[in-house]
Amino acid sequence: MTIQRPRGTRDFLPDEAWRRTAARRAMQEVLERWGYREIATPTFEHLELFTQKCGEAVLEEIYSFKDKGGRDLALRPELTAPVMRMYVAELQNAPKPQRLSYFGNCFRYERPQKGRFREFWQLGVELIGGAKPDSEAEVIALADRMLESVGVKGEIHVGYLGLVRSILDRIGAERRSAIMRMIDKKERDALKECLEEIDASHLGLLELIDLKGREALGRAMEIANDLRNEESMGPTAFVAEEASHAGTGRASARTGRSVSAELRMDEFGRTVELLEAYGVDFTIDFEIVRGLEYYSGAVFEIYAQGLGAQRQVCGGGTYELASLFGGKETSSTGFGLGFDRIMEIAQVEERWQPPVFLIYTPDVKVEAVKIATELREALPTVLDVMGRGLGAQLKAAAAAGAKFAVIVGRSEIDSGRLTLRDMASGTQESLTLAEIVQRLRAQFQN
RNA sequence: GCCGGGAUAGGGUAGUGGUCAUCCUGAGGGACUGUGGAUCCCUCGAGCUGGGUUCGAAUCCCGGUCCCGGCCCCA
């Protein structure tokens, strides 16, 4: 028995590898047009980087190991933490904003299912240091365009944590993360019960998360006003508490290091306005809260059809993450795209072109090699390495789907003109090498 | 971690507790050392793994591995 692939990993045969490269290239082009520059980080990092960001709970899904020097390392389970680590270490003093993109494989010890693997690829961006509404609108519009470039139509849901967190500020701190979780999990009944229990039903949270679409914004404004009026009647006790949290800096983001919640509905309103200016089709949805504590402003998720249970292809928002890794607090907006899920449904238009087959008689092999070398300057070219005769080479070229063959034998060498054969029609012409290059070049321009 | 369905040449498949395990496709060679994917011939190539039942297991039973789908989770 041959050795199998590890569970949850995949081999990509030439056709699929080509498709993935083409899709990546299409999205990369969008990124370049928007001025994002690619960065890359190591495949493995110190384990601590990930437990710091996500808490100890993620340990069981992390591929971690000790290296020969006894260091605790981990195959990266995601890319946001490494990117922020890199930013803090090397880019903090670079001019703002920083527009960064990344693409890389990540590893999680999970049960594989449709659209979920143990080695998977994430593509994402971070816009670091920009002003919130502008950054948020840009990043969401960018995600939209990137998906569009590979023919994926997604449903974009945009929420705003400034409001949700402001409401939660009126609730005891110990309940907040549980409530966020219930919202995220859409556990409506449990949430309702919980809010009644702590006498918080009047705050409008339930109503808010059920609102969808454009009307949601107006109603959300009203809820926000109510909150503000209440607040002006007496300062809340939570302000001091938030300040002390900010000072601790290095706690895990999952274990209660909640970022300060500023209401700023006007900012969210501007994000919405700008998104419309970008021509993005989206739904306002306050139910989107993205489980984690470090998100602070707008948050969004994109869902696609045809993916089974794992239908979210993109998620992101604005967060305060730099300080978690020892940097100065800077808000950044970003998202991650599940590349593998996108590949399940991507429409990749680029087609692979079989190369030109240079077919030769055995007596002119040396000359054929020289001609192939020249042809390759301009055209993808292959020549026989199996020791086949002319007929067999042609057969192989046909089987490989070649559109063109260049035939060379003694008489071509003597005359200095090669035979160009159109494989579909069978017509042949006697041409110089330069003429052949000129004739075929257009065929191979993608 | 849980539930369900699977695993037979490189790919796709058939079948039976008992001779040499089907067929299609593929790959390599030949008929064909200057012209094609056709045809014909030859060759290569398989019952996931470990145990059990049995005179005999690829077939029946159990464990494991991996695949597919779902739950949980999803940074």
Side-chain angles (χ1 to χ4, degrees), chain A residues 1-11 13 15 45 49-62 74 76-84 106-118 120 122 124 181 184-185 252-255 290-295 299 301 307-317 319 321 324 334-336 338 340-341 354 357 359-365 368 384 386-414 418-428:
Chain A
M1 191 58 200
T2 51
I3 296 173
Q4 298 176 313
R5 256 178 288 137
R7 173 164 209 189
T9 63
R10 290 158 295 163
D11 294 316
L13 271 47
D15 281 346
E45 298 265 4
L49 177 67
F50 303 111
T51 54
Q52 202 167 91
K53 171 170 173 261
C54 308
E56 303 290 325
V58 297
L59 269 176
E60 60 187 33
E61 290 191 359
I62 288 184
R76 57 188 178 197
E78 52 110 23
L79 285 163
T80 304
V83 168
M84 293 314 288
C106 298
F107 307 84
R108 291 184 196 176
Y109 191 84
E110 290 186 288
R111 181 75 202 233
Q113 61 188 70
K114 189 175 178 66
R116 178 189 284 183
F117 306 93
R118 289 185 170 179
F120 60 97
Q122 251 186 18
R181 206 183 154 74
D184 195 35
K185 301 286 164 229
S252 153
R254 203 190 282 275
T255 56
R290 308 216 27 93
L292 291 178
E293 299 288 352
Y294 52 77
Y295 283 100
V299 286
E301 297 183 347
L307 279 173
Q310 309 292 321
R311 57 188 293 265
Q312 187 188 321
V313 294
C314 177
Y319 35 77
L321 209 46
L324 192 62
F335 63 78
D340 305 281
R341 289 181 194 171
F357 276 64
I359 288 166
Y360 59 93
T361 55
D363 56 314
V364 299
K365 183 181 284 184
D384 178 60
M386 303 273 295
R388 286 197 256 238
L390 193 87
Q393 287 182 46
L394 264 174
K395 193 183 274 196
K403 303 267 191 303
F404 300 98
V406 173
I407 299 169
V408 50
R410 190 81 268 159
S411 66
E412 279 84 359
I413 296 299
D414 291 343
L418 311 175
T419 301
L420 173 65
R421 181 180 179 85
D422 181 314
M423 296 296 283
S425 64
T427 56
Q428 300 191 166

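One C1' atom belongs to B:G70, the other to B:U13, and the distance between them is 28 Å to the nearest Å. Look at the C1' atom in both B:C2 and B:G52: the space between them is 27 Å, to the nearest Å. Between B:G17 and B:C73, the distance separating the two C1' atoms is 45 Å to the nearest Å. One P atom belongs to B:G12, the other to B:A21, and the distance between them is 22 Å to the nearest Å. Between the P atoms of B:C32 and B:C20, the separation comes to 39 Å (whole Å). For B:G15 and B:A38, the P atoms lie 29 Å apart once the distance is rounded to whole Å. Taking the P atoms as reference points, B:G5 lies 15 Å from B:G64, given to the whole Å. Comparing B:G45 with B:G56, their P atoms sit 29 Å apart, to the nearest whole Å.
Between the base of B:G36 and the side chain of A:R421 there is a donor-acceptor pair shorter than 3.5 Å. If you check distances only, the side chain of A:R290 never reaches the base of B:A75 with a donor-acceptor pair under 3.5 Å.
A:R108 has its side chain within reach of A:E78: a pair of non-hydrogen atoms, C-beta onward, lies under 4.5 Å apart. You'll find the side chain of A:M84 stays beyond 4.5 Å of the side chain of A:L324, heavy atoms only. A:Q428 places a side-chain heavy atom less than 4.5 Å from the side chain of A:I407. Using a 4.5 Å heavy-atom threshold, the side chains of A:M423 and A:K403 count as separate. By the 4.5 Å heavy-atom criterion applied to side chains, A:E45 and A:F50 are counted as neighbours. Counting heavy atoms from C-beta on, the side chains of A:V364 and A:E412 never come closer than 4.5 Å.
Atom CG of A:L324 and atom P of B:A75 are 16 Å apart (whole Å). Here B:C74 presents its P atom at 13 Å from CZ of A:F120, a figure rounded to the nearest Å. A:M423 places its CE atom 14 Å from the P atom of B:U35, with the value rounded to the nearest Å. Summarising the geometry, the separation between CG on A:L394 and C1' on B:G36 is reported as 6 Å, rounded to the nearest angstrom. Distance, A:D363 CG to B:G34 P: 8 Å, rounded to whole Å. Between A:E110 atom CD and B:G1 atom C1' there is a gap of 13 Å when expressed in whole angstrom units. Distance CZ (A:F50) to P (B:C74): 18 Å, rounded to an integer number of Å. One atom, CD1 of A:I62, and another, P of B:C74, lie 13 Å apart when rounded to the nearest Å.
Base pairing of B:A75: no nucleotide in any strand meets the Watson-Crick or G-U wobble criterion (both distances under 3.5 Å). In a base pair of the Watson-Crick type (N1 to N3 plus N6-O4 or O6-N4) or a G-U wobble (N1-O2 and O6-N3), with each distance short of 3.5 Å, B:G69 is matched with B:C3. As the counterpart of B:C32, no nucleotide is assigned, since no Watson-Crick or G-U wobble pattern has both distances under 3.5 Å. A 3.5 Å limit on both hydrogen-bonding distances identifies B:G26 as the Watson-Crick or G-U partner of B:C44. Here B:G63 sits opposite B:U49 as a Watson-Crick or G-U wobble pair (both hydrogen-bonding atom distances under 3.5 Å).
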Taking only N/O atoms, report every protein-nucleotides 65-71 of chain B pair under 3.5 Å with atom names and distance.
residue, atom, partner, partner atom, Å
B:U65, O2', A:Q4, OE1, 3.3
B:C67, OP1, A:G8, N, 2.6
B:C67, OP2, A:R7, NE, 3.0
B:G69, OP2, A:K114, N, 3.1
B:G70, OP1, A:A309, N, 3.0

I'd like a table of atom pairs between the protein and nucleotides 26-31 of chain B - only N or O on both sides, under 3.5 Å - with the distance next to each one.
residue, atom, partner, partner atom, Å
B:G29, OP2, A:R388, NH1, 3.2

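Distances shown here put a side-chain N or O of A:K185 below 4.0 Å from the OP1 or OP2 atom of B:C74.
Shown here for A:Q310 and A:L307, the closest heavy-atom pair between the two residues is O-CB, 3.4 Å. Residues A:F120 and A:P77 come closest through the heavy atom pair CZ-O, 3.7 Å. When all heavy atoms are compared, the tightest approach of A:A368 to A:V408 is CB-CG1, 4.3 Å.
A:D414 CG: more than 12 foreign heavy atoms inside a 6.0 Å radius.
The CD atom of A:E60 sits 10.0 Å away from the CD atom of A:E110 when rounded to the nearest 0.5 Å. Here CD of A:E301 is found 10.5 Å from CZ of A:R311. Values are rounded to the nearest 0.5 Å.
Heavy atoms of A:G409 sit under 4.0 angstrom from at least one base atom. Among the protein residues, A:D184 comes within range of no part of the nucleic acid, since none of its heavy atoms lies under 4.0 Å from any strand. In this structure, A:E301 reaches neither bases nor backbone, as no heavy-atom distance under 4.0 Å exists between it and the strands shown.
With respect to A:D340, the side chain to side chain donor-acceptor pair (under 3.5 Å) criterion is satisfied by exactly one of A:R116, A:Q122, A:R10: A:R10.
Listed in residue order, the members of residues 400-407 of chain A having a heavy atom less than 4.0 Å from RNA chain B are A:I407.
A cation-pi arrangement is absent between A:R118 and A:F107 under the rule of less than 6.0 angstrom and at most 45 degrees off the ring axis.
Of the candidate nucleotides B:G34, B:C74, B:G36, B:G34 has the atom nearest to the side chain of A:T419.
For B:G47, the base is syn relative to its sugar; the glycosidic angle is within 90° of 0.
Remark on RNA chain B: of its neighbouring residues A:T80 and A:S425, the 5'-side contact belongs to A:S425, judged by nearest-heavy-atom nucleotide.
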